[in-house]
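Have a look at the structure below, then the notes.
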Amino acid sequence: MTNILCIGAGHVGGPTMAVIAQKCPQHRVVVVDINEARIAAWQSNQLPIYEPGLEELVRATMNKNLFFSTEVDRHMAEADIIFVSVNTPTKTFGQGAGKAADLQYWEKTARQILENSKTSKIVVEKSTLPVRTAEAMERILNSNGNGLHFDVVSNPEFLAEGTAIRDMEAPDRVLVGARETPSGQRAMQAIVDVYAHWVPRERIITTNLWSSELSKLVANAFLAQRISSINAISALCEKTEANISEVAHAIGLDSRIGPRFLRASVGFGGSCFKKDILNLVYLCEYYGLAEVAAYWEQVVKMNEYQQARFVSNIVSSMFNTVAGKRIALFGAAFKANTGDTRESPALAVCRALLEEQAKIVITDPHALDNACIDLEDVAKQVIFEPDPYAAAKSAHAIAILTEWPHFAELDYQIIFESMVKPAFIFDGRNILDHQNLFNLGFNVYAIGKPPHVHFSKDNWEV
Ligand code: NAD
Ligand code: UGA
């Protein structure tokens with residue numbers, strides 16, 4: 001039996017360890033966190049995160065070989081392998097503020113491991129980190145002089161929220177990076193062996209430490225770049241009557257480009273894309289690569305432009321004012337199948353429309369609690385309504401901000417009849433049947449497509 005410990009019971013720590021526990025019944029897996037409420041939630045019937053398939057998995061393994069605890073020190077002492085999956089947000093102060101990764105939680109963890117260890121251990125970087133973080137980690141851990149040895153291995157996580165369990169169970173690849181020393185290679189093999197319980201060996205790739213650390217930042221940067229690229233073209237489509245769905249389909253059939261991640265939208269959200277690109281930008285600046293830094297920073301700027309463009313389209317289409325108008329925001333989560341609202345474009349759009357003095361009502365099947373917390377400072381100005389029909393009642397406009405399939409299945413005839421006329425729909429995810437909505441009487445605006453409006457062009461372009 002191997003004692004596996006994960007530090008950080010968040011969106012990564014919880015789901016990844018639940019899968020490891022299920023696939024490796026001979027190992028004991030403990031997940032610890034300093035957040036007592038979070039640990040209590042993992043132990044309850046109401047898990048702290050919404051993720052399809054997670055509840056069943058946790059129920060099947062909990063208290064058999066999967067345990068959640070706040071006793072960080074004790075479990076550190078017992079562990080053979082420690083995955084560190086704490087948050088690594090963007091630094092908000094001092095040098096590198098706004099771009100560099102804030103590694104304070106990370107470094108505290110390294111020191112705590114050192115204090116509590118009586119045996120040598122493998123420490124695994126599961127969090128997303130700047131390239132060469134392992135070097136600092138090794139220096140702290142091996143500064144003990146008490147004969148213990150710590151191997152630091154990089155094993156970045158590529159799961160996406162909403163599909164976390166599927167991504168863990170059948171990953172495109174697992175990446176393990178380690179030092180090219182005998183001890184480093186033994187540690188790497190121990191991590192490979194864990195995954196080899198269910199991942200085909202050819203999908204587990206091994207590299208040096210720095211390639212592994214950097215590959216994680218680069219993977220996220222490339223994914224986000226595809227979204228910013230298609231969103232940039234969506235703006236051009238709206239000026240030229242080209243249709244972004246047709247363009248995405250046409251280019252995606254080229255096997256060199258591929259069809260995935262080409263859905264134009266109100267912009268990408270989530271806790272990682274922006275933070276990881278800005279971290280990459282900071283690293284490039286740090287190493288004196290100004291042109292490379294500017295190239296990647298543009299991906300984030302384009303995303304901000306897309307969100308701002310969406311809001312100004314709403315305002316200009318609704319006769320240049322939304323003050324006092326009720327606007328129903330369909331979606332708070334940053335994507336479908338999650339309750340996570342971190343960096344959600346829905347919240348950015350909400351704030352921008354509040355600035356325009358619109359009356360905002362938000363509906364979402366799983367993210368209203370988080371939205372309420374994130375919008376705490378403006379909560380008095382926002383109505384949180386779980387029922388989309390009630391949210392749309394007496395509204396002047398609906399804006400689709402999360403691609404929940406449920407939003408495409410609503411009865412828009414009923415919704416249209418309950419709204420103030422002229423009724424508007426702004427589909428920030430291109431998930432609705434726009435022609436059908438137009439036929440029902442809506443004025444419909446989508447991303448990267450010609451609008452379907454009941455006014456003549458002269459009247460509508462104010
Ligand atoms: P999260 O905020 O959901 O969870 C992190 C947890 O770590 C929190 O519960 C926090 O209380 C805990 N923590 C912080 N310091 C601690 C300490 N000293 N001891 C014990 N617990 C501590 O974050 P997350 O979304 O799980 O992300 C974790 C890391 O994984 C980040 O580096 C992120 O970039 C990366 N990542 C995230 C995703 C994702 O989909 N969310 C995917 C891949 C990689
Ligand atoms: C992303 C990556 O996909 C994961 O591989 C990575 O592990 C993770 O970040 C991370 O490091 O945190 P995630 O942010 O959970 O995963 O979700 P994605 O599916 O990548 O979506 C991110 C955002 O892009 C969402 O707001 C989504 O709606 C948007 N998106 C995605 C688009 O606007 N268009 C697309 O075609 C795809």
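Atoms within each ligand, like the ligands themselves, are counted from 1 in listed order. Values below: all heavy atoms of this structure, side chains included; hydrogens, waters and symmetry mates excluded.
- Any N or O atom pair closer than 3.5 Å counts here, and Lys275 shares at least one such pair with ligand 1.
- Heavy atoms from both the backbone and the side chain of Val86 come within less than 4.0 Å of ligand 1.
- Residue-ligand proximity: Lys108 is placed with every non-hydrogen atom at 4.0 Å or more from ligand 1.
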Anything under 3.5 Å between an N or O on ligand 2 and a protein N or O? List each pair with its distance, or write none.
{"residue": "ligand 2", "atom": "5 (O)", "partner": "Phe158", "partner atom": "O", "Å": "2.7"}
{"residue": "ligand 2", "atom": "7 (O)", "partner": "Glu157", "partner atom": "O", "Å": "3.4"}
{"residue": "ligand 2", "atom": "7 (O)", "partner": "Phe158", "partner atom": "O", "Å": "3.2"}
{"residue": "ligand 2", "atom": "7 (O)", "partner": "Leu159", "partner atom": "O", "Å": "2.7"}
{"residue": "ligand 2", "atom": "7 (O)", "partner": "Lys216", "partner atom": "NZ", "Å": "2.9"}
{"residue": "ligand 2", "atom": "11 (O)", "partner": "Lys216", "partner atom": "NZ", "Å": "2.8"}
{"residue": "ligand 2", "atom": "11 (O)", "partner": "Asn220", "partner atom": "ND2", "Å": "2.8"}
{"residue": "ligand 2", "atom": "15 (O)", "partner": "Glu161", "partner atom": "N", "Å": "2.8"}
{"residue": "ligand 2", "atom": "17 (O)", "partner": "Lys335", "partner atom": "NZ", "Å": "3.2"}
{"residue": "ligand 2", "atom": "19 (O)", "partner": "Lys335", "partner atom": "NZ", "Å": "2.8"}
{"residue": "ligand 2", "atom": "26 (O)", "partner": "Gly269", "partner atom": "N", "Å": "2.9"}
{"residue": "ligand 2", "atom": "26 (O)", "partner": "Phe334", "partner atom": "O", "Å": "2.7"}
{"residue": "ligand 2", "atom": "28 (O)", "partner": "Glu403", "partner atom": "OE2", "Å": "3.3"}
{"residue": "ligand 2", "atom": "28 (O)", "partner": "Arg429", "partner atom": "NH1", "Å": "2.7"}
{"residue": "ligand 2", "atom": "33 (O)", "partner": "Ser265", "partner atom": "OG", "Å": "2.6"}
{"residue": "ligand 2", "atom": "34 (N)", "partner": "Arg263", "partner atom": "O", "Å": "2.9"}
{"residue": "ligand 2", "atom": "36 (O)", "partner": "Leu262", "partner atom": "N", "Å": "3.4"}
{"residue": "ligand 2", "atom": "36 (O)", "partner": "Arg263", "partner atom": "N", "Å": "2.9"}

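- Two residues are said to be in side-chain contact when any heavy atoms from C-beta on lie closer than 4.5 Å; Leu432 and Ile400 meet this criterion.
- Those atoms of ligand 1 that come under 4.0 Å of a heavy atom in Thr88, given as number and element, are 31 (C), 32 (O), 34 (O).
- Residue Glu161 has at least one heavy-atom neighbour below 4.0 Å for each of these atoms of ligand 1: 39 (C), 40 (O), 41 (N).
- If you look at Leu129 next to ligand 1, there are no close heavy atoms at all, none under 4.0 Å.
- Heavy atoms of Glu107 found under 4.0 angstrom from ligand 1: none, in either backbone or side chain.
- Close approach to His11 involves these atoms of ligand 1, each under 4.0 Å from a residue heavy atom: 3 (O), 24 (P), 25 (O), 26 (O), 41 (N).
- Side chains of Val192 and Thr206 form a contact here, defined as non-hydrogen atoms less than 4.5 Å apart.
- Contact of the Ser212 side chain with the Pro156 side chain is registered, since non-hydrogen atoms from C-beta on lie closer than 4.5 Å.
- Taking the six-membered ring where tryptophan is involved, the planes of His197 and His27 are perpendicular, since the angle between them exceeds 60° and thus also 30°.
- The existence of a salt bridge linking Arg59 and Glu55 is confirmed by a sub-4.0 Å separation between a basic side-chain nitrogen and an acidic carboxylate oxygen.
- Residue contacts with ligand 1 for Cys272 involve side-chain atoms from C-beta outward but no N, CA, C or O (heavy atoms, distance under 4.0 Å).
- Of the protein's non-hydrogen atoms, the one nearest atom 1 (P) of ligand 1 is Arg38 NH1, 3.7 Å.
- For the 3.5 Å distance criterion, the side chains of Asp167 and Thr163 qualify, holding a donor opposite an acceptor.
- No side-chain heavy atom of Arg28 sits under 4.5 Å from any side-chain heavy atom of Ile4.
- Between Glu157 and Lys216 there is no salt bridge, since none of the side-chain N atoms of the basic residue sits less than 4.0 Å from a carboxylate O of the acidic one.
- Because its NZ or CZ atom is not both nearer than 6.0 Å to the ring centre of Phe334 and within 45° of the ring axis, Arg342 does not count as a cation-pi partner of that residue.
- Under a 4.0 Å criterion applied to the non-hydrogen atoms of Thr109, ligand 1 contributes the atoms 18 (N).
- Distances below 4.0 Å separate heavy atoms of Lys216 from the following atoms of ligand 1: 43 (C).
- The existence of a salt bridge linking Lys275 and Glu343 is excluded, since no basic side-chain nitrogen approaches an acidic carboxylate oxygen closer than 4.0 Å.
- Ligand 1 has a nitrogen or oxygen under 3.5 angstrom from a nitrogen or oxygen of Asp33.
- The aromatic rings of Phe330 and Phe407 lie tilted to each other, with the angle between the two planes from 30° to 60°.
- Of the N or O atoms in Asn35, none lie within a sub-3.5 Å distance of an N or O in ligand 1.
- At the top of the distance list for atom 35 (C) of ligand 1, counting protein heavy atoms only, stands Thr128 OG1, 3.5 Å.
- Each of the atoms 5 (C), 28 (C) of ligand 1 lies under 4.0 Å from some heavy atom of Ser85.
- Aromatic pair Trp296/Tyr282: centroids not less than 6.0 angstrom apart.
- Distances from atom 5 (C) of ligand 1 to the heavy atoms of Val32, Asn87, Val72 show the closest one on Asn87.
- Classification of Asp374 and Arg351 as a salt-bridged pair fails, no side-chain N sitting under 4.0 Å from a carboxylate O.
- Checked by atom type, the side-chain pair Asp340/Tyr50 shows no donor-acceptor distance below 3.5 Å.
- Residue, atom and distance of the protein heavy atom nearest to atom 43 (C) of ligand 1 are Glu157 O, 3.2 Å.
- Atom 4 (O) of ligand 1 has its nearest heavy-atom neighbour, among Gly10, Pro15, Pro48, Gly162, in Gly10.
- Nearest protein heavy-atom neighbour of atom 23 (O) of ligand 1: Arg342 NH1, 3.8 Å.
- Between Glu403 and Arg263 a salt bridge is recorded (basic side-chain N to carboxylate O distance below 4.0 Å).
- Considering only non-hydrogen protein atoms, atom 19 (N) of ligand 1 sits nearest to Ile7 CG2, 3.6 Å.
- Sparse packing is recorded around OH of Tyr305, with 12 or fewer heavy atoms of other residues, nucleotides or ligands lying under 6.0 Å away.
- Listed by number with element, the atoms of ligand 1 under 4.0 Å from a non-hydrogen atom of Val12 are 26 (O), 30 (O), 36 (N), 37 (C), 38 (C), 39 (C), 42 (C), 43 (C), 44 (C).
- In summary, the side chains of Ser234 and Asn231 do not present any donor paired with an acceptor at a separation below 3.5 Å, with no hydrogens or angles considered.
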